[in-house]
Amino acid sequence: MRFAGSSRAATIVCLTACLGASVWIDRVATVSAQSRSSETPLSRIDRLRAWIAAVNAHEPGFLDEPVEQINRWSAADLQRVWIDVWSVVSLVRDPGVRLFLVPAGRTVVRRPGTLTPPSAKPIQVTYSGSELKALIEFAASLGGPRSGRETQLLKRGAMLHADIAMLAPLDPRRLRGYSSAGAQRYRLNMNDGRPTGLDSEINHWELGRRLLDRVRVVDAKGGVPRGPEADETVRLWYIATFTHLESIGDLDVPHFDYGLEVFPKDPDILLLNGAMHESMAGARRQRAFRSASIPAGVIFAIGSRSDELAQAERLYRRALEAAPDLVEARIRYGRVLGERGRHQEAAMELQKAAGTRSPLLQYYCALFLGAELEALGRNDEAVRAYERAAGLYPGAQSPRLGINRLAAGSQRAVAREALLSLVAQPVDDTRIDPWWAYDESIGRGADVVLNTLHNLVRAGR
Amino acid sequence: MTTRHAVVVVSILAGSTLQSASSQQATFSTKLEAVRVDVLVTDRGDVVRDLKPADFEIRDNGVPQTVDLVSFQQIPLNVILALDVSASVSGDRLDDLQKAGRALLGRLAREDKAALITFSHIVTLRERLTSDVARVGDSLNDVRPEGDTGLVDATHAAMMLEEADGGRNLLIVFSDGLDTSSWLDPGRVLESARRSEVVVYGAASRGAEDSEFLEDLTRLTGGGLLKIQSTKDLSATFLRILDEFRNRYLVSYSPAGVARDGWHRLDVRLKGRRATIKARAGYQAGQ
C-alpha cells in the first residue's frame, strides 16, 4: 500500500480528448504517409511483423526491449498495426474474407460513465495484393479458428501495451503533429489541489482495449463462441490495470468506463469504478480541475462533486448486489452515503461492515462510522468508534482529531493533551494515517493482481 | 478585584456552568463568572484609544450588560502560528514565510508567548506556547515543504493550544492553498471555535483566499482574513495583524439575565459615538 508520507506522490487526474469516434480511423490514412516518410521507415507488413515479434518476445511485467521498441513508435504506426491485426484475426476466423471492415471506436462523452455506442459505419480497409498475401500467411501461421492462438496474440498484445503504459517513460515526441481521439490521452498533473501541467501521450490503454475487444472464447463443445466478457484473463487485465492506476492516482476515466461496459455486473470492476468516481469527487481533483487551463477540444470526463458521488453510490450499490460480502464496497458505500448527507443509512452500512478482519478496512470503517455517528448526534458512540480507529493506528491523527472535537466536560483536557502529544511526535512512519491514502488504498493489491495476470498471459491463457 | 481574577476564559466558564446548572432555565447569577471579548475599535481606519468601560455597550443575546473592565495593551499575548508548509510552499515562498515568522516573533514583548504548528496533510506541533520565542524561531527554520494541505485539521489543533493563563490568545493561520486532505468537517471546527476565546487571523494567498472556512472562522472569532498577492507581503501582513491585535481592547463583563447554556450572540457598540467595531460574533456556553 502506498501511504502518503514523506514520499507522497503528486496526484494525477487522467482524461482523454473527446472528439468524434470515427476520427480515430479517419486520420490513419492522413498520417500514415507522414509516418512512412519520417519516423518509422518500415513497410506496412514489416511493421506488423515487428509488432508480432515484439509481442511474442515481451516478458509480461518487464521494461524490456520490446516495450522500449514499441514505445518508440508513433501513434499513426500503432493505429495502422491495430487495423492490420484486426484484419489478420478476421482472416484466422474466416480465411475466405476479403472485405475488411474495421469498426470505429467508442469514446467518452462529457457525461461521466457514458460511452458512445460503436459507430454504425465501420471503415473499409483496402490492401494491395502483396499485402493481402502477407496477411493471409500471418493468419495461417496462427492456426485455424479453433486453435485460439489469435486470441493469445491479442492478449499478449494487450499486455505489452499495458506494460508500455505502466512502465515506459513518457515520450511526447511520438505525438508531434498528430492528434486524434482514442490514440491520445491527456493527463492533468496536480499537486496539492493545483494543476501542475498537462501531458499528452499515446493512449496505449486504448490499444490494449481494442485488442481485447476481439478476444473470443471458443466453446469446447462446439457452441457459439463468446466475446471478451467471458474471458478471465481479460477480466483480470481490467482489474489489474484499474488497481494499478488507482494506486498511483492516475484516473483514466475512459479506461474505467470501457472496462465497466465489458463487465457490467462484475463486483470487482464495479467496486473499482465506484472508487474512481469517489476519488473524482474529492477536493484535490475537483479544485485542480476547476483551475486548470484546458486546451480547446479536450473535454475532461469529470463531473461535479455531487454527480461523482452519485455515480460512486450507484456503482457500489451494484457491486453489493452482485457480492453482498464485498466488505470494502460496503465501507465505501457507507462513506459515500454519509458524504451525500444520508447519515442514518451510512451508519447502518458501516456497522454491517465492522466485522472485517483487515486492520486497514477496520480503520476506515471505524473512522467513517465515528463521523456518521457524530452527524447523528450520537457522540458517545462516535467517540468509541474513533477510539477503535485510534487503537488500530495509534499514530494516526484523524481519529484523535475526531475524539478531541467531541470530548466534553472532564474528558476535554484529556483529549486535548492526547491530540497535542500525538502531533508533537516526529513525522515518521509511526504517524501514518491511512486516511491520507484513502483514495489510493483501493489499489493496494495492484502488484498481486498484476502478478497473477502476468502468469496467466505467460501460460497462454 | 484584580485584572487576572476578573478574566475568566469562556471555555472554563462553560465547564463550570455545566456542573452547576440545575435546569434548562438557569441563568448567570454570579459576578465571579466573566466573559471577555477582544474588541478592535477604529474610526476611518485609525485605532480609537482611551476608551473606558462606560464607553462600551454590550448586548449578550440582546440583553444589555454592564462592562466591568476594559484593558488596552496591558495583557500579555499568546501568539499561535499555524503555518502551511505543504508542497505548494516551496522555494521563495518558504523563505518569505520563515522571514515573516521571524519578523513577528521579533516584535513580541518579553512577557508574550508564542507557539508553532506547521501543517501539510500532517499536523506538526513544533513548539507549545513558550516565552522562549527564539526557540520557536529556530523550529521555523527546520520545516521542509511537502504534501497536501490539511488546513481545517491544523486550525483545530492550533486552537487547542490556547491557554487560560490570562493572556490574550491570537491564532495566525497562513495558507497558500485550499484544503485537500483534512479529516475534520469545517462546520464542526467552526462549532469548536465558538467555544474558544482565541481570535483567529488568516493570511491567505493564491487559492486559499477563496477559502470559505477561513472567512467564516475569522469572522466568527472577531479576527480578520488578510489576502495577499504574494508571499513577499507576508512579513508586513503578520506585523499588521500583530499591531492590530495589540491595539484591541479586552472588554470584560459578568453576564446577567441570559441563559447559561447555548450560543450567546454578542453585539458590541460604543455609546454615543460612531466607530467600526470588530469583535467575536458570540460565544458558546455549556456543552
Side-chain angles (χ1 to χ4, degrees), chain A residues 4-8 10-11 190-194 196 282-288 290-291 367-368 370-371 374-375 379 386 389 395-402 404-410 412-413 415-428 431-433 435-439, chain B residues 11-12 14-15 18-19 84 86-90 115 117-129 143-162 164 175-185 187-189 191-192 195 206-208 210 286-287:
Chain A
S6 57
S7 60
R8 191 181 179 102
T11 314
M190 64 181 71
N191 197 351
D192 194 15
R194 296 183 192 288
T196 56
R284 279 183 279 176
R285 289 180 173 82
Q286 289 284 322
R287 285 170 175 169
R290 282 205 294 269
S291 55
L367 188 70
F368 301 154
E374 181 182 357
N379 289 0
Y386 280 136
Q397 69 185 32
S398 296
R400 285 279 161 226
L401 284 161
N404 181 272
R405 220 209 65 72
L406 286 168
S410 60
R412 193 168 284 159
R416 171 183 183 268
E417 192 49 41
L419 173 66
L420 294 179
S421 297
L422 175 71
V423 297
Q425 298 295 313
V427 177
D428 56 24
R431 285 204 55 197
I432 282 173
D433 185 345
W435 164 244
W436 298 329
Y438 173 66
D439 283 349
Chain B
S11 54
I12 290 177
L18 175 76
Q19 290 161 16
D84 179 349
S86 61
S88 51
V89 184
S90 55
I117 274 187
T118 59
F119 63 96
S120 53
H121 53 289
I122 309 173
V123 179
T124 305
L125 171 58
R126 295 183 180 270
E127 292 293 341
R128 290 182 185 234
L129 277 171
V143 299
R144 194 161 56 102
E146 59 185 356
D148 285 337
T149 302
L151 172 65
V152 175
D153 286 355
T155 303
H156 178 83
M159 287 195 298
M160 294 300 110
L161 285 170
E162 71 167 319
S175 181
D176 88 329
L178 290 163
D179 199 315
T180 52
S181 67
S182 281
W183 165 249
L184 291 176
D185 177 74
R188 305 271 178 203
V189 175
E191 280 177 28
S192 298
R195 297 181 185 282
R206 301 173 70 185
D210 300 322
Q287 293 301 300

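All chains are named by letter (A, B, ...) in the order of the sequence lines, taking the proteins before the strands, and each is independently numbered beginning at 1. Since this is a predicted model, take the numbers as computed values, not measurements.
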Checking heavy atoms, do the side chain of B/I117, its backbone, both or neither come under 4.5 Å from chain A? neither
Which pair of heavy atoms, one from A/L419 and one from B/M160, lies closest together, and at what distance? CD2-CG, 4.1 Å
Closest approach of A/R405 to B/R188 (non-hydrogen atoms, all atoms of both residues): NH1-O, 2.9 Å
To the nearest 0.5 Å, what is the distance between CH2 on B/W183 and CG on A/D433? 9.5 Å
Against chain B, label A/L422 side chain, backbone, both or neither, depending on which of its atoms sit under 4.5 Å from a heavy atom there. neither
What's the separation between atom CD in A/Q397 and atom NE2 in B/H121, rounded to the nearest 0.5 Å? 8.0 Å
What's the spacing between A/L401 CG and B/S182 OG if we round to 0.5 Å? 8.0 Å
If I measure from the heavy atoms of chain A, does B/D185 come under 4.5 Å with its side chain, its backbone, both, or neither? neither
Decide yes or no on side chain to side chain contact (heavy atoms under 4.5 Å, CB included) for B/D148 and A/W436, but give the supporting numbers first. CA-CA 9 Å; B/D148 285 337; A/W436 298 329; over 6 Å; no
Where does B/R128 contact chain A at under 4.5 Å (heavy atoms): side chain, backbone, both or neither? side chain
Check each atom of B/S120 against the heavy atoms of chain A and say whether the ones under 4.5 Å are side chain, backbone, both or neither. neither
Heavy-atom closest pair (A/R431 atom, B/T124 atom, distance to 0.1 Å) is NH1-OG1, 4.0 Å
Atom group of A/L420 that falls short of 4.5 Å from chain B, counting heavy atoms: both
A/E374 versus chain B, the contacting section by heavy-atom distance below 4.5 Å: both
Grab the two heavy atoms, one from B/T180 and one from A/A283, that are nearest each other, plus how far apart they are. CA-CB, 4.3 Å
Which distance, rounded to the nearest 0.5 Å, do you find between the CZ of B/R195 and the CZ of A/R412? 5.0 Å
Which pair of non-hydrogen atoms, one from B/H156 and one from A/N404, has the smallest distance, and what is that distance? NE2-OD1, 2.7 Å
What residue, out of A/G402, A/A375, A/A371, A/G282, has the most heavy-atom pairs lying under 4.5 Å from chain B? A/A375
